[in-house]
Enquirer: 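My structure is below; once you've seen it, I'll send some questions.
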Amino acid sequence: MAKKLSKNITKARALVEQRPYTIGDAIPLLQKAKYAKFDETVDLTMRLGVDTRHADQMVRGTVVLPHGLGGKSKVVAVIASGDKVKEAEAAGAEFFGGEELVEKIQKENWTDFDALIATPDMMRSVGRLGKVLGPRGLMPNPKTGTVTTDVAGAIREIKAGKVEFRADKTALVHVPVGKLSFSAQKLQENALTVISSVVKAKPSAAKGKYIKRIVLSSTMGPGIELEAAVADVATK
């Protein structure tokens with residue numbers, strides 16, 4: 001038996017016409033459809049024309065949102081050695097250390113952080129943490145800038161609103177672009193920055209239409225499809 005929709009959801013969905021919108025029209029509409037009592041997160045979902053079963057068609061990267069994500073600052077942990085531990089502390093990391101931090105994560109399954117940065121010399125030890133960090137998407141990776149000697153720079157980017165994007169098994173990319181309470185202009189600039197980054201990350205092996213569909217939504221709100229031309233606007 002189909003689940004009955006609440007009056008709020010039905011009312012919100014009724015505001016959205018079944019057609020693609022410009023991003024300039026979609027964001028105010030999404031804000032108008034708000035009925036939840038908390039500050040919802042705005043998400044961007046992109047369906048890509050890639051086959052992620054093939055390694056040469058994987059789409060992955062990071063992007064620093066010009067206006068951040070809003071909400072609480074991300075909790076950062078750093079695994080490093082020597083002076084890099086002090087650098088992590090000075091740059092604002094909540095947790096920092098060397099082998100003792102590796103052991104804590106391994107023995108206690110401890111993951112009370114949003115992002116983990118590691119210096120290259122510590123990756124041999126960090127490699128043991130794959131079973132704990134992998135399923136949670138917390139494993140440091142050079143491609144996402146979380147394996148680096150520039151510890152302070154990596155911390156600053158994460159705190160400023162750096163987000164990771166990655167195409168899943170169904171070729172969908174889900175990325176948060178801010179809070180519904182943001183101004184429409186800030187949400188638009190964040191969203192266009194993400195779209196531009198995903199377009200630039202197009203694998204050379206990908207054939208045919210790359211961006212198949214883009215939908216903007218909020219935690220409790222309706223999904224609003226964007227016009228295909230938004231990808232062209234984002235890359236200008």
Side-chain angles (χ1 to χ4, degrees), residues 5-50 59-74 114-115 137 144 156-168 170-202 209-236:
L5 297 177
S6 72
K7 290 182 179 178
N8 285 330
I9 295 175
T10 302
K11 187 176 180 181
R13 290 184 177 178
L15 294 173
V16 182
E17 296 176 19
Q18 295 304 303
R19 62 175 177 84
Y21 285 77
T22 66
I23 192 167
D25 290 335
I27 292 172
L29 180 56
L30 195 62
Q31 292 172 322
K32 181 181 178 182
K34 174 181 170 61
Y35 63 87
K37 294 181 179 179
F38 63 94
D39 193 7
E40 301 168 63
T41 296
V42 177
D43 292 301
L44 188 74
T45 302
M46 303 176 71
R47 180 171 291 284
L48 306 181
V50 297
V59 178
R60 183 178 186 179
T62 59
V63 56
V64 177
L65 301 179
H67 304 292
L69 278 172
K72 294 180 180 179
S73 176
K74 286 191 175 182
D114 301 306
T144 59
R156 282 194 299 270
E157 284 191 342
I158 291 170
K159 295 284 188 182
K162 180 179 181 179
V163 294
E164 180 179 353
F165 60 83
R166 182 174 185 173
D168 64 17
T170 60
L172 288 177
V173 172
H174 302 276
V175 190
V177 294
K179 294 291 185 180
L180 206 55
S181 60
F182 281 18
S183 70
Q185 182 178 351
K186 286 183 177 180
L187 283 172
Q188 179 169 322
E189 289 175 2
N190 277 357
L192 290 176
T193 299
V194 170
I195 295 170
S196 175
S197 297
V198 174
V199 170
K200 290 175 182 175
K202 179 182 178 181
K209 190 174 183 180
Y210 179 53
I211 306 294
K212 291 192 170 183
R213 194 168 186 236
I214 305 176
V215 174
L216 205 62
S217 62
S218 61
T219 308
M220 301 295 290
I224 302 176
E225 185 175 355
L226 301 184
E227 293 181 346
V230 70
D232 299 324
V233 174
T235 51
K236 286 183 180 177

Enquirer: What I'd like to find out is whether the side chain of R166 reaches to under 4.5 Å of the side chain of V173, using heavy atoms alone.
Expert: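 Counting from C-beta outward, R166 and V173 never come under 4.5 Å.
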Enquirer: Is there a donor-acceptor pair closer than 3.5 Å between any side-chain N or O of S196 and the backbone N or O of L192?
Expert: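 Pair absent, no side-chain N/O of S196 close to backbone of L192.
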Enquirer: If we ignore hydrogens and angles and just use 3.5 Å, is the side chain of K162 paired with the main-chain N or O of E164 as donor and acceptor?
Expert: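 Not at all, since once roles are kept as given, no pair shorter than 3.5 Å links the two residues.
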Enquirer: For the residue pair Y35 and E40, what are the closest heavy atoms and their distance?
Expert: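 Result for this residue pair: N-OE2, 4.4 Å.
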Enquirer: Please tell me if the side chains of D43 and H174 come closer than 4.5 Å, counting only heavy atoms from C-beta onward.
Expert: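 No, too far: nothing below the 4.5 Å cut-off.
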Enquirer: Are any non-hydrogen side-chain atoms of L187 and Q31 less than 4.5 angstrom apart?
Expert: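 When only atoms from C-beta onward are counted, Q31 and L187 do touch, with a gap below 4.5 Å.
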Enquirer: For the pair K179 and T41, evaluate side chain to side chain contact (heavy atoms under 4.5 Å, CB included) and give the outcome as yes or no after the intermediate values.
Expert: CA-CA 5 Å; K179 294 291 185 180; T41 296; 3.1 Å; yes
Enquirer: So, do V59 and Y210 sit near enough that their side-chain heavy atoms are less than 4.5 Å apart?
Expert: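 Contact flag for V59/Y210 side chains = yes.
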Enquirer: Output, in order, the C-alpha distance, side-chain angles, deciding distance and verdict of side chain to side chain contact (heavy atoms under 4.5 Å, CB included) for L48 and I211.
Expert: CA-CA 5 Å; L48 306 181; I211 306 294; 3.6 Å; yes
Enquirer: Would you check, one step at a time, whether the test side chain to side chain contact (heavy atoms under 4.5 Å, CB included) holds for V198 with F165?
Expert: CA-CA 8 Å; V198 174; F165 60 83; 3.9 Å; yes
Enquirer: Of the options R213, R47, K212, R19, which is the one that meets E225 in a salt bridge (charged side-chain N to carboxylate O under 4.0 Å, His left out)?
Expert: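 Testing each of R213, R47, K212, R19 against E225, the sole residue satisfying salt bridge (charged side-chain N to carboxylate O under 4.0 Å, His left out) is R213.
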Enquirer: Quick one: closest heavy-atom pair of P222 and L30, and the distance?
Expert: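 Taking every non-hydrogen atom into account, O-CD1, 3.4 Å.
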Enquirer: Of V215, I214, V16, which meets side chain to side chain contact (heavy atoms under 4.5 Å, CB included) against I224?
Expert: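 Testing I224 for a side chain to side chain contact (heavy atoms under 4.5 Å, CB included) against V215, I214, V16 leaves exactly one candidate, V16.
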Enquirer: Compare every heavy atom of S197 with every heavy atom of V63, then report the nearest pair and how far apart it is.
Expert: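 Between these two residues, the closest heavy atoms are CG2-OG, 3.3 Å.
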Enquirer: What pair of heavy atoms forms the shortest contact from S217 to G223, and how long is it?
Expert: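 Looking at all heavy atoms of both residues, the shortest contact is CB-CA, 3.9 Å.
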Enquirer: Please answer whether the main-chain N or O of S181 pairs with a side-chain N or O of D39 as donor and acceptor at a distance below 3.5 Å.
Expert: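 Yes; at least one donor-acceptor contact below 3.5 Å.
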Enquirer: Apply salt bridge (charged side-chain N to carboxylate O under 4.0 Å, His left out) to K186 and list each qualifying residue two or more places apart in sequence or on a separate chain.
Expert: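 Testing K186 for salt bridge (charged side-chain N to carboxylate O under 4.0 Å, His left out), a comparison that skips the adjacent residues, returns none.
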Enquirer: Would you give the length of the straight line joining atom CD1 of I27 to atom CD of Q188, rounded to the nearest 0.5 angstrom?
Expert: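 One gets 5.0 Å once the value is rounded to the nearest 0.5 Å.
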Enquirer: Which distance, rounded to the nearest 0.5 Å, do you find between the CG of L44 and the CG of L226?
Expert: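 Those atoms lie 7.0 Å apart.
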Enquirer: Given side chain to side chain contact (heavy atoms under 4.5 Å, CB included), test N190 with V194 step by step and report yes or no.
Expert: CA-CA 6 Å; N190 277 357; V194 170; 5.8 Å; no
Enquirer: Please report the closest heavy-atom contact between L216 and A26, naming both atoms and the distance.
Expert: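 Smallest interatomic distance, heavy atoms only, reads CD2-CB, 4.5 Å.
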